[in-house]
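Below you'll find the structure, written out as structure tokens, and then a few comments.
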Amino acid sequence: MSTSFQNIKGTFDILPDAYTDDGGTRIAPSAEWRYVERTVRDVMQRYNLDEIRTPVLEPTELVARGVGEATDIVQKEMFAFERAGTQYVLRPEVTAPVVRSFLQHHLDQRGGVQKLFYIGPCFRAEQPQKGRYRQFHQFGIEILGTDDARADAETIAIMMAVYDELGIPDTRLRINTLGTPDRRDAYVEALRDYLTPYADDLSDTSRRRLERNPLRVLDTKLDHEQEILADAPTLLDYVNEESRAHYDRVQRLLSDLGVEYVEDPHLVRGLDYYTETTFELESPALGAQSALAGGGRYDRLAEVLGSDEPVPAIGFAAGMERLFLALDAADADRPGSPEPDVFIAALGEEAEAWVFRTTQELRAAGLQVALDLKGRSLKAQMREANRQNAPYTLIIGDNELEAEEATVKEMESGEQVDVPFGELRDVLLDRTGRDGAQVA
RNA sequence: GUGGGCGUAGCUCAGUCGGUUAGAGCGCCAGGUUGUGGUCCUGGAGGUCGUGGGUUCAAAUCCCACCGUUCACCCCA
């Protein structure tokens, strides 16, 4: 079997089994995705967040305004198209859509602070590489309607709790404050003034950044550039007193919660909407894309999207693909695919009919039941039962129909017992430990 | 957009100073057991050797182009 089609570059299929792509990256099986998603939801629930689901398709203008015209995302990474006069974009991130939804549906009228989480795919037309895809999956939260430092600290704590819960050690949390836009602009000027004399010593990329977005020069990994930056003015010197006090409070609260972090005055964010507190979680195990998650405050975004009053807010976004990379590196425990409680093998047409009917009843009773759907030999059915790791196999043939007793084989020991049809359901529920509740 | 790596069976890979009908392991299917899996034995299916062109008596192997993919830069989750 074959096809000339294949999945779009930068996307990947999530299959029942794990596999490795051509670059050697392990693509986790669907059961692991379910496990990670379930864990994320569990953590979110404990922190008392509600889920929000927004469309994958958004108006292009929302993203352009919300994320920022000057950003790489808007300039060259949007999957955007026009149809019947409407400009669509596949969302490249979820914060702008959530704020749009918050404003559109007047969620502030629910009262209090809105604490929302999301999980879902995003799209960016970048060159794919390890840990970076064109369709990727993010989860994250947004806390809207408060500028309290506790919201900042709680956002970070929630982020950390997810990685903690999943058993990913050795992460590093860096934090910084960007202050208010006016002070940041003043700082950018100061930084440019400081760096310009060194322009000849800077790398091509840093020189380009100096032109376009001086803050990004702070990102440099080159040692000699770091030396130049050592004496550069820092953002912290430029932020106003309120920003400074807010930042101090956030740090105190983090310490109270036992969250370890390092201050990084060079931490800046790529998206325009960030203000005040900003943070990033990275893992040394990840390679070039070391950022597991990142976020910060975006107190002005609502107004950028047309709100007549400000909505102070903070959130984080995390990459699922990178989370899996970290999970692999940490060799963290993950559950496998759920295996059937029982496989029912049928011999002959009459038995097949009985099995087909009985399977349905046992499933209704809460058992995970497997059976053959193509009339294969008993040998083949047993092989299938073994492959699926079913602890029990029922064998139903003419003999069993005659006696109205099922042959129940315990696969590990190989022992077989006869169980009257009437007791089958209860015996199986008892033996497999299912209580008739839902299947995971 | 720029640079490097890699494309042979479902998977992992051998095979390349050009030379019968392109191989192995695993997996899959079947038989050995006309009603019994996991071990073992036997057999089988499965390949446009990424695509196209060129060189040659002869190309998976040499040359060129293209395509795909991957890693990195850039940027970000």
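All heavy atoms count here, side chains included; hydrogens, waters and symmetry mates do not. The structure displayed is predicted, hence computed values, not measured ones. First the proteins, then the strands, lettered A, B, ... as listed; each starts at 1.
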Practice task
Any chance you could list the contact pattern along nucleotides 24-32 of chain B? Use B for base contacts, S for sugar-phosphate-only contacts and - for none, protein heavy atoms under 4.0 Å, 5' to 3'.
Solution key: ----SSS-B
Exercise for the section: Kindly state each residue pair satisfying salt bridge (Lys or Arg N to Asp or Glu O under 4.0 Å) with at least one member in residues 7-16 of chain A, sequence neighbours excluded. Expected result: none
Exercise for the section: Find the distance between OH (A/Y238) and CG (A/L191) and round it off to the nearest 0.5 Å. Expected result: 9.0 Å
Exercise for the section: Using side-chain hydrogen bond (donor to acceptor under 3.5 Å, both in side chains) as the criterion, point out the one residue from A/T275, A/T278, A/T177, A/D152 that pairs with A/R297. Expected result: A/D152
Exercise for the section: Output yes when at least one side-chain N/O atom of A/Q129 is less than 4.0 Å from OP1 or OP2 of B/U70, else no. Expected result: no
Practice task
May I ask you to verify whether the side chain of A/R132 and the base of B/C71 hold a donor-acceptor pair under 3.5 Å?
Solution key: no
Fill in the blank from the handout: OH (A/Y118) and CE (A/M44) are apart, to the nearest 0.5 Å, by 9.0 Å
Exercise for the section: Run the salt-bridge test on A/E361 and A/R363 with the 4.0 Å N-O cut-off and return the result as yes or no. Expected result: no
Exercise for the section: Would you classify A/E412 as touching base, sugar-phosphate or nothing, given that sugar-phosphate means primed atoms plus P, OP1 and OP2, and contacts are heavy atoms under 4.0 Å? Expected result: base
Exercise for the section: With heavy atoms under 4.0 Å as the rule, sort A/A293 into base, sugar-phosphate or nothing. Expected result: sugar-phosphate
Practice task
With C1' as the reference atom in both, quote the distance from B/U21 to B/C49 in angstrom, rounded to an integer.
Solution key: 15 Å
Exercise for the section: Between B/A58 and B/C62, how far apart are the C1' atoms? Round to whole Å, please. Expected result: 13 Å
Anything under 3.5 Å between a protein N or O and an N or O of nucleotides 48-50 of chain B, put it in a table, one pair a line.
none

Practice task
Describe the nucleic acid contact of A/T25 in one word from base, sugar-phosphate, nothing, applying a heavy-atom distance below 4.0 Å.
Solution key: sugar-phosphate
Exercise for the section: Kindly say whether, by distance alone, the side chain of A/R124 makes a donor-acceptor pair under 3.5 Å with the base of B/A77? Expected result: yes
Exercise for the section: For the side chain of A/Q127, starting at C-beta, report the closest nucleotide among B/C73, B/A77, B/G35. Expected result: B/C73
Using atom names, set out every protein N or O paired with an N or O of nucleotides 5-15 of chain B below 3.5 Å, distance rounded to 0.1 Å.
none

Exercise for the section: Could you list the residues that satisfy salt bridge (Lys or Arg N to Asp or Glu O under 4.0 Å) with A/D21, not counting sequence neighbours? Expected result: none
Give the table of side-chain donor-acceptor pairs shorter than 3.5 Å for residues 88-100 of chain A, with sequence neighbours excluded, one pair per line with atom names and distance.
{"residue": "A/R91", "atom": "NE", "partner": "A/P121", "partner atom": "O", "Å": "2.8"}
{"residue": "A/R91", "atom": "NH1", "partner": "A/T54", "partner atom": "O", "Å": "3.2"}
{"residue": "A/R91", "atom": "NH1", "partner": "A/T54", "partner atom": "OG1", "Å": "3.2"}
{"residue": "A/R91", "atom": "NH2", "partner": "A/P121", "partner atom": "O", "Å": "2.9"}
{"residue": "A/E93", "atom": "OE1", "partner": "A/T95", "partner atom": "N", "Å": "3.3"}
{"residue": "A/E93", "atom": "OE1", "partner": "A/Y273", "partner atom": "OH", "Å": "2.6"}
{"residue": "A/E93", "atom": "OE2", "partner": "A/A96", "partner atom": "N", "Å": "2.9"}
{"residue": "A/T95", "atom": "OG1", "partner": "A/E142", "partner atom": "OE2", "Å": "2.8"}
{"residue": "A/R100", "atom": "NE", "partner": "A/Q104", "partner atom": "OE1", "Å": "3.1"}
{"residue": "A/R100", "atom": "NH1", "partner": "A/E58", "partner atom": "OE1", "Å": "2.9"}
{"residue": "A/R100", "atom": "NH1", "partner": "A/E58", "partner atom": "OE2", "Å": "2.5"}
{"residue": "A/R100", "atom": "NH2", "partner": "A/Q104", "partner atom": "OE1", "Å": "3.2"}

Handout entry: Between B/G15 and B/A24 - P atom distance, rounded Å
Key = 15 Å
Under 3.5 Å donor-acceptor pairs involving side-chain atoms of residues 321-328 of chain A, not counting sequence neighbours:
{"residue": "A/E321", "atom": "OE1", "partner": "A/H137", "partner atom": "N", "Å": "3.1"}
{"residue": "A/E321", "atom": "OE2", "partner": "A/H137", "partner atom": "N", "Å": "3.1"}
{"residue": "A/E321", "atom": "OE2", "partner": "A/H137", "partner atom": "ND1", "Å": "2.6"}
{"residue": "A/R322", "atom": "NE", "partner": "A/G131", "partner atom": "O", "Å": "2.8"}
{"residue": "A/R322", "atom": "NH1", "partner": "A/A291", "partner atom": "O", "Å": "3.1"}
{"residue": "A/R322", "atom": "NH2", "partner": "A/G131", "partner atom": "O", "Å": "3.3"}
{"residue": "A/D328", "atom": "OD1", "partner": "A/R26", "partner atom": "NE", "Å": "3.4"}
{"residue": "A/D328", "atom": "OD1", "partner": "A/R334", "partner atom": "NH1", "Å": "2.8"}

Problem - Proximity to RNA chain B (any heavy atom under 4.0 Å), residues of residues 318-334 of chain A only - result: A/G319, A/R322
Handout entry: Under-4.0 Å side-chain N/O to phosphate OP1/OP2 contact, A/Q6 with B/U69
Key = no
Practice task
With heavy atoms under 4.0 Å as the rule, sort A/G295 into base, sugar-phosphate or nothing.
Solution key: nothing
Problem - Donor/acceptor link under 3.5 angstrom from A/Q381 side chain onto base of B/U36 - result: no
Handout entry: Pairwise P distance for B/G38 and B/G32, with rounding to whole Å
Key = 14 Å
Problem - Qualifying side chain to side chain donor-acceptor pair (under 3.5 Å) pairs with a residue from residues 420-429 of chain A, counting only residues at least two apart or across chains - result: none
Fill in the blank from the handout: Regarding the side chain of A/K130, the nearest nucleotide among B/C74, B/U36, B/C71 is B/C71
Exercise for the section: Sequence neighbours left out, what passes ring-ring contact (aromatic ring centres under 6.0 Å, His included) with A/Y194? Give chain and number order. Expected result: A/Y198
Exercise for the section: Mind checking A/E400 for me? I need base, sugar-phosphate or nothing, with any heavy atom below 4.0 Å counting as a touch. Expected result: base
Practice task
Enumerate the residue pairs fulfilling side chain to side chain donor-acceptor pair (under 3.5 Å) with a member in residues 405-419 of chain A, sequence neighbours excluded, ordered by first and then second residue.
Solution key: A/E400-A/T407, A/E410-A/S413
Problem - B/G23 to B/A45 separation - P atoms, rounded to the nearest Å - result: 12 Å
Problem - Parallel, tilted or perpendicular, as decided by the 30° and 60° cut-offs, for the rings of A/F139 and A/Y163 - result: tilted
Exercise for the section: Tell me the stems RNA chain B sits in, counting at least three consecutive Watson-Crick or G-U wobble pairs, each under 3.5 Å on both distances. Expected result: B:1-7 with B:67-73, B:10-13 with B:23-26, B:28-32 with B:40-44, B:50-54 with B:62-66
Practice task
Tell me whether the OP1 or OP2 atom of B/U69 has a side-chain N or O from A/K9 closer than 4.0 Å.
Solution key: yes
Handout entry: Sugar-phosphate only, base, or nothing, as touched by A/G414 at under 4.0 Å among non-hydrogen atoms
Key = base
Problem - Check: B/A77 base within 3.5 Å donor-acceptor of A/E282 side chain - result: no
